[in-house]
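A short write-up of the structure that comes next.
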Amino acid sequence: MALWGRVGVQVCEVATTMFEKSKKTLIGDGTYAGFVQGVLATVPNAAPVPTASGEYGYLVYVQNGPSVQKRASEIMPGDIVEIHDAKLKGHKGIQTYHQNVGGAGEVLVGIVGEFEAKKTKIRVFHANQHVGQQTVESVSYRLEDLKSGTVKVSFTWNLLGDPCSIISPGLSGVGRVAAAWVLHLFSRIRMFSL
């Protein structure tokens, strides 16, 4: 199985387990980032997050408002999603809906549980900020309904750490970046063993 299968699936399974346990206990420190850190801390092969730069891994998808800025690969379960000051407006059945997510200077950070490419619908496990309810919730967002704000999706590197650390030290500049992207792309391919 590819690198994503080793780490991404484990991250998704741990997030699902913590979602189920959250009815009885607080996960992490109760913040969005605390939940993600709590999940990644229990996955043995996941790299520590966030890095010093505040990034949650390798950026594979960026959407600002209705336009997609970057799509390096498909969004997969176990990826980390950040939602910055998003306003979503669309239809659920015959009713219209309006939803504000990650506003007031707080960034919503969560773990992708499921992604439907046809509907551009993403189901996210994240900390619940409502008092008196379970501490983790599972919420779906339709990316095609994003009117303003930013959605970023990253995948967490695994036990290999930074891909640049396993690339020949003789490479520099563009060669090093290209080699890192090759490793990144191969890690996103799901391979099946027979």
Side-chain angles (χ1 to χ4, degrees), residues 3-64 70-86 88 99-116 120-131 133-143 146 149-163 184 187-188:
L3 300 178
W4 174 85
R6 291 186 200 143
V7 176
V9 171
Q10 290 176 3
V11 170
C12 187
E13 288 173 353
V14 169
T16 303
T17 302
M18 288 189 173
F19 168 70
E20 292 165 1
K21 289 181 181 178
S22 72
K23 294 175 183 159
K24 299 176 185 169
T25 183
L26 180 68
I27 306 297
D29 61 5
T31 64
Y32 296 124
F35 167 70
V36 171
Q37 289 171 346
V39 168
L40 295 177
T42 59
V43 177
N45 296 331
V49 175
T51 62
S53 63
E55 296 176 358
Y56 283 89
Y58 290 97
L59 214 52
V60 294
Y61 182 89
V62 177
Q63 181 174 340
N64 289 316
K70 177 179 184 176
R71 183 179 292 146
S73 73
E74 287 295 317
I75 298 171
M76 295 184 178
D79 288 348
I80 298 171
V81 63
E82 297 176 70
I83 303 176
H84 305 263
D85 197 26
L88 297 111
Q99 190 174 16
N100 295 327
V101 181
E106 188 170 27
V107 177
L108 184 143
V109 183
I111 306 288
V112 175
E114 186 178 338
F115 177 67
E116 293 180 46
T120 64
K121 187 175 178 182
I122 189 170
R123 186 171 54 91
V124 179
F125 294 109
H126 62 76
N128 187 350
Q129 301 295 309
H130 305 290
V131 178
Q133 297 178 5
Q134 72 183 70
T135 60
V136 177
E137 63 183 344
S138 175
V139 181
S140 293
Y141 303 104
R142 291 185 69 179
L143 299 178
L146 184 66
T150 305
V151 174
K152 295 179 181 179
V153 179
S154 306
F155 86 96
T156 304
W157 199 247
N158 63 19
L159 71 131
L160 297 175
D162 178 14
H184 159 72
S187 72
R188 298 294 290 189

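Looking at Asp85 and Thr150, their side chains never come closer than 4.5 Å, going by heavy atoms from C-beta outward. Counting heavy atoms from C-beta on, the side chains of Ile75 and Leu143 come closer than 4.5 Å.
One distance of note links CD of Glu114 with CZ of Arg123; it measures 5.0 Å at 0.5 Å rounding. Taking CE from Met76 and CZ from Phe155, the interatomic distance works out to 9.5 Å, rounded to the nearest 0.5 Å. From Asn128, atom CG reaches atom CD of Glu137 across 4.0 Å, with rounding to the nearest 0.5 Å. Note: Ile83 CD1 to Asn100 CG = 12.0 Å, rounded to the nearest 0.5 Å.
If you run side chain to side chain contact (heavy atoms under 4.5 Å, CB included) between Ser154 and each of Val62, Val81, Leu59, only Leu59 comes through. When the options Leu40, Val11, Val112 are evaluated for a side chain to side chain contact (heavy atoms under 4.5 Å, CB included) with Ile80, the one that passes is Leu40.
A pairwise comparison of heavy atoms in Ala15 and Phe35 identifies CB-CZ, 4.2 Å as the closest pair. Across Phe19 and Ser138, no two heavy atoms sit closer than the pair CE1-N, 3.6 Å. In terms of heavy atoms, Pro77 sits closest to Cys12 at CB-SG, 3.7 Å. The shortest non-hydrogen separation linking Ile111 to Gly78 is CG2-CA, 4.0 Å.
Take Glu106 and apply the salt bridge (charged side-chain N to carboxylate O under 4.0 Å, His left out) test, not counting sequence neighbours, and it matches no residue.
Between Glu82 and Lys152, no side-chain nitrogen of the basic residue sits less than 4.0 Å from a carboxylate oxygen of the acidic one, so the salt-bridge criterion is not met.
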Q: Just do the side chain to side chain contact (heavy atoms under 4.5 Å, CB included) check on Ile122 and Tyr61 with the steps written out, would you?
A: CA-CA 12 Å; Ile122 189 170; Tyr61 182 89; over 6 Å; no

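Aromatic ring orientation, Tyr32 versus His126: perpendicular (interplanar angle above 60°, classes split at 30° and 60°).
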